[in-house]
Amino acid sequence: MGIKNKKLRVRFAPSPTGYLHIGGARTALFNWLYARHYNGSFILRIEDTDRMRSTPEAVKAILDGMKWLGLDWDEGPEKGGEYGPYFQTERLDLYREFVDKLLEIGAAYYCYCSAEELAGRRKKQFADGKPAIYDRKCLNLSEAEKRQLEKEGKKPAIRLKMPDRKIVVHDLIKGRMEFDSKLLSDFVIEKSDGIPTYNFAVVIDDILMDISLVMRGDDHISNTPKQIVIYQALDIAIPEFAHIPMIMGPDNTRLSKRHGATSVMEYQRMGFLPEAVLNYIAHLGWSSGTNQEIFSIKELIENFTLDKISNHSAIFDMEKLNWFNNEYLKRLSDEKYVEMLIPFLKDAGYIELPLSEEKERWLRKVASLMKSRVRNFKQFLEYGDYFFIEGFTVEDNAVKILEQNRVRGILEHLVKRLKEIKDWKEENIESEVREMANQLNLKGKQIIHPTRVSLSGKTIGPGLFSLMEALGKEINIKRLEKTIHKLNKN
RNA sequence: GGCGCAAUCGAAUAGUGGUUAAUUCAGCUGGCUCUCAAUCAGCAAACGGGGGUUCAAUUCCCCCUUGCGCCA
């Protein structure tokens with residue numbers, strides 16, 4: 001692995017066929033952490049040779065996801081770099097050069113077999129229980145035969161000739177893996193349309209971009225021996241490899257749309273903090289070896305090493321992500337919390353911008369009440385709707401509380417007393433309510449529960465008296481009277 | 001079908017040739033409390049199976065099983 005004295009360079013190389021999903025983000029994160037830990041370079045490369053499925057929108061989505069998570073790249077799209085271009089479709093000439101070279105030295109050859117022919121022969125191999133290997137029909141075609149085939153209008157693909165030997169992969173995470181090249185096919189490196197295949201383009205790019213360590217999902221393990229053969233055919237030093245375990249859905253299958261939110265940007269929309277998402281996915285397949293759960297970005301960088309990556313797949317657990325997010329949310333100052341919350345309130349139509357000083361102060365108070373009770377901003381909108389609108393949701397089990405005995409009388413009495421309060425402060429409200437409970441020989445909760453339901457439509461939430469203060473006297477009275485009115489009708 | 005990778009509480013991870021196998025999330029019980037969170041105290045919960053190696057295996061080796069991936 002003669003790359004000892006070279007600068008450390010890693011890359012993340014997504015295909016722009018969709019958004020940046022959790023698994024890709026984790027691969028990007030590990031590469032990024034590795035580069036930052038060892039002071040290397042982190043390169044972003046877009047593998048868009050699949051022109052049918054690649055879109056500019058997907059490129060943007062991936063870039064947006066990376067930016068939101070704070071995974072900045074040293075070279076790549078929008079940034080450039082001396083190893084560019086960083087889009088594979090802009091590198092076609094480069095691949096062509098290497099294909100020519102392999103052809104020239106006899107390490108690759110033209111193949112005129114059609115897809116149908118191939119499929120037929122493969123079927124037979126399959127039926128015979130043999131590995132699906134190209135039968136080398138076109139390996140020794142004479143020039144005349146080739147000319148004849150081309151005259152028939154056949155466009156050749158180009159295959160790499162597999163050497164007959166064991167291929168050993170030294171993986172930094174999986175250890176030594178051995179593959180028998182006899183079981184590997186002479187795979188296509190350039191399709192008949194002139195586009196290089198994935199396995200070929202990756203290798204050429206990694207060579208040209210001086211990548212010193214290839215870190216990627218372990219679904220690529222089977223590709224690795226094929227890629228190594230290309231390095232060897234070209235007589236170029238093989239980089240190091242590190243195959244990291246994948247992230248699975250709760251049913252232990254590959255993470256997909258079926259599992260709900262798999263795009264990192266969906267987490268932004270749901271009101272998660274990028275730090276929390278990063279912290280969580282860092283723990284999927286990696287651990288510091290200590291009991292520490294919460295890591296700042298800086299701490300992740302400091303602690304990240306490959307030997308602490310586990311070697312089995314991990315299941316994505318939304319609940320734990322929620323917990324992480326709540327931890328980060330709680331640590332936010334009220335000011336910062338409100339600042340992040342405002343766009344969500346705005347989108348929900350709960351507030352109008354710009355905000356007055358006073359309203360902003362009030363928002364901070366509300367935030368401090370809700371902070372520990374809410375796990376993401378989307379949930380804030382759901383649990384805290386009554387702070388902003390009259391049409392707040394009313395829980396089914398909340399209605400039952402209002403149907404209990406004496407509730408109407410209690411609320412009527414309460415309204416009278418609340419109207420008397422001059423200074424609408426939590427302490428004053430509480431002493432008024434407590435006093436009323438005493439005089440009427442009631443338990444505090446007999447007043448508190450129906451009041452909460454009337455004010456918020458919910459059975460859960462912040463302490464009632466701070467909630468009442470935050471809502472303001474008028475709204476308290478209005479909502480209580482509304483409940484009384486409803487009870488009168490029944 | 002061929003090849004490969006993997007296997008510790010429900011989930012994520014620690015950990016060890018001899019341990020009461022640990023932590024966090026989730027779950028449950030209790031304290032606090034007007035509810036819910038938060039918080040505090042506690043409970044429950046795992047080494048996939050079978051062979052070896054060894055005085056001793058969850059740990060090392062092999063096989064099986066299961067899961068996952070790649071190939072088409």
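Naming convention: chains lettered A, B, ... in sequence-line order (proteins, then strands); numbering from 1 in each chain. Values in this document were obtained by computation on a predicted structure and should not be read as measured data.
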*Considering only heavy atoms from C-beta outward, does the side chain of Val202(A) approach that of Arg216(A) to under 4.5 Å?*
yes
*Would one find a side-chain N or O of His312(A) under 4.0 angstrom from OP1 or OP2 of rU13(B)?*
yes
*Using atom P of each nucleotide, how far apart are rG18(B) and rC32(B) to the nearest Å?*
44 Å
*Between Lys365(A), Lys371(A), Arg364(A), which is the residue that forms a side chain to side chain donor-acceptor pair (under 3.5 Å) with Asp334(A)?*
Lys371(A)
N/O donor to acceptor pairs below 3.5 angstrom from side-chain atoms of residues 15-27 of chain A, sequence neighbours left out:
residue, atom, partner, partner atom, Å
Ser15(A), OG, Glu47(A), O, 3.3
Tyr19(A), OH, Thr262(A), OG1, 2.6
His21(A), ND1, Gly23(A), N, 3.2
His21(A), ND1, Gly24(A), N, 3.3
Arg26(A), NE, Leu284(A), O, 2.8
Arg26(A), NH1, Pro245(A), O, 3.2
Arg26(A), NH2, Pro245(A), O, 2.8
Arg26(A), NH2, Leu284(A), O, 3.0
Thr27(A), OG1, Gly23(A), O, 3.2

*What's the closest nucleotide to the Asn311(A) side chain, out of rG69(B), rA6(B), rA11(B)?*
rA6(B)
*Distance check: side-chain N/O of Ser313(A) vs OP1/OP2 of rC68(B), anything under 4.0 Å?*
no
*Which residues satisfy the ring pair (Phe, Tyr, Trp, His ring centres under 6.0 Å) test with Tyr34(A), sequence neighbours excluded?*
Tyr38(A)
*Do the rings of Phe380(A) and Tyr337(A) sit parallel, tilted or perpendicular, given the 30° and 60° boundaries?*
tilted
*Reported CG-to-OG1 distance for the pair Asp50(A) and Thr197(A), which is rounded to 0.5 angstrom*: 12.0 Å
*Is there a side-chain contact between His413(A) and Ile447(A) (heavy atoms, below 4.5 Å)?*
no
*asked:* Output the rounded distance in Å from OH (Tyr198(A)) to C1' (rC70(B)).
replied: 11 Å
*Test applied, ring-ring contact (aromatic ring centres under 6.0 Å, His included); reference residue, His283(A); option that passes from Phe316(A), Phe295(A), Trp323(A)*: Phe295(A)
*Provide the distance between the two P atoms, one in rC47(B) and one in rU8(B), to the nearest whole Å.*
11 Å
*Between protein and nucleotides 30-48 of chain B, map the contacts as a letter string: B base, S sugar-phosphate only, - none, heavy atoms under 4.0 Å, written 5' to 3'.*
----BBBBSS---------
*Using the C1' atom as the reference point in each nucleotide, state the distance between rC68(B) and rG27(B) in Å, no decimals.*
28 Å
*Taking Watson-Crick and G-U wobble pairs with both distances under 3.5 Å, convert RNA chain B into its dot-bracket string, 5' to 3', dots for unpaired and | for cross-strand pairs.*
(((((((..((((....[...)))).(((((.......)))))....(((((..]....)))))))))))).
*Would you kindly give the CZ-to-P distance between Phe179(A) and rG69(B), to the nearest whole Å?*
17 Å
*Please state whether the base of rG69(B) and the side chain of Ser222(A) form at least one donor-acceptor pair under 3.5 Å?*
yes
*Rounded to the nearest Å, what distance is computed from the CZ atom of residue Arg216(A) to the P atom of nucleotide rC5(B)?*
15 Å
*Go through the structure and list residues passing salt bridge (Lys or Arg N to Asp or Glu O under 4.0 Å) with Lys473(A), not counting sequence neighbours.*
none
*Shortest non-hydrogen separation from Ala242(A) to Ile173(A) and the atoms involved*: CB-CD1, 4.0 Å
*Mind checking the C1' distance from rG42(B) to rG50(B)? Whole angstroms is fine.*
39 Å
Using atom types as modelled, flag every donor-acceptor pair under 3.5 Å from a side chain in residues 381-389 of chain A to any protein atom, sequence neighbours excluded.
residue, atom, partner, partner atom, Å
Asp385(A), OD1, Lys458(A), NZ, 2.9
Asp385(A), OD2, Thr393(A), N, 2.9
Asp385(A), OD2, Thr393(A), OG1, 3.3

*Separation of His243(A) atom NE2 from rC68(B) atom P, in whole Å?*
20 Å
*Sticking with atom C1', work out how far rU54(B) lies from rG17(B), rounded to a whole angstrom.*
9 Å
Quick one: which protein N/O atoms are closer than 3.5 Å to N/O atoms of nucleotides 58-65 of chain B? Pair and distance per line, please.
none

*Same-atom distance (P) from rG48(B) to rA21(B), integer angstrom*: 15 Å
*With sequence neighbours left out, what residues match Ser313(A) under side-chain hydrogen bond (donor to acceptor under 3.5 Å, both in side chains)?*
none
*Using whole Å, report how far CD of Glu319(A) lies from C1' of rA11(B).*
11 Å
*Base, sugar-phosphate, or nothing: which does Phe187(A) touch, judged by heavy atoms less than 4.0 Å apart?*
nothing
*List in chain and number order the residues that pass side-chain hydrogen bond (donor to acceptor under 3.5 Å, both in side chains) with Tyr112(A), two or more places apart in sequence or in another chain; answer none if no residue qualifies.*
Glu150(A)
*Starting from C1' on rU24(B), measure out to NE2 on His283(A) and report it in whole angstrom.*
9 Å
*Report yes if the side chains of Val99(A) and Phe200(A) come closer than 4.5 Å at any heavy-atom pair, otherwise no.*
yes
_Contacts of type salt bridge (Lys or Arg N to Asp or Glu O under 4.0 Å), residue Glu403(A), not counting sequence neighbours_ = none
*asked:* By nearest heavy atom, map Asn223(A) and Phe316(A) onto RNA chain B; which one lands nearer the 5' end?
replied: Phe316(A)
*Counting side-chain heavy atoms from CB outward, which of rC5(B), rG69(B), rA12(B) is closest to Lys320(A)?*
rA12(B)
*asked:* Whether Asn199(A) contacts rC71(B) is assessed here as follows: a side-chain N or O lying under 4.0 Å from the phosphate OP1 or OP2. Is that the case?
replied: no
*Do any of residues 247-255 of chain A sit with a heavy atom less than 4.0 Å from RNA chain B, and if so which?*
Met248(A), Asn252(A), Thr253(A), Arg254(A)
*Taking CG from Leu184(A) and P from rC71(B), how many angstroms apart are they, rounded to a whole number?*
12 Å
_Assuming nearest nucleotide by heavy-atom distance, tell me which of Thr290(A) and Lys174(A) is located more 5' along RNA chain B._
Lys174(A)
_Once ring pair (Phe, Tyr, Trp, His ring centres under 6.0 Å) is applied, do any residues pair with Phe30(A), and if so which ones, sequence neighbours excluded?_
Phe304(A)
*Once you round it to whole Å, what is the distance between P of rA14(B) and CD of Gln292(A)?*
14 Å
_Inter-nucleotide P distance (rU19(B), rG69(B)), Å rounded_ = 38 Å
*Using atom C1' of each nucleotide, how far apart are rC40(B) and rG4(B) to the nearest Å?*
49 Å
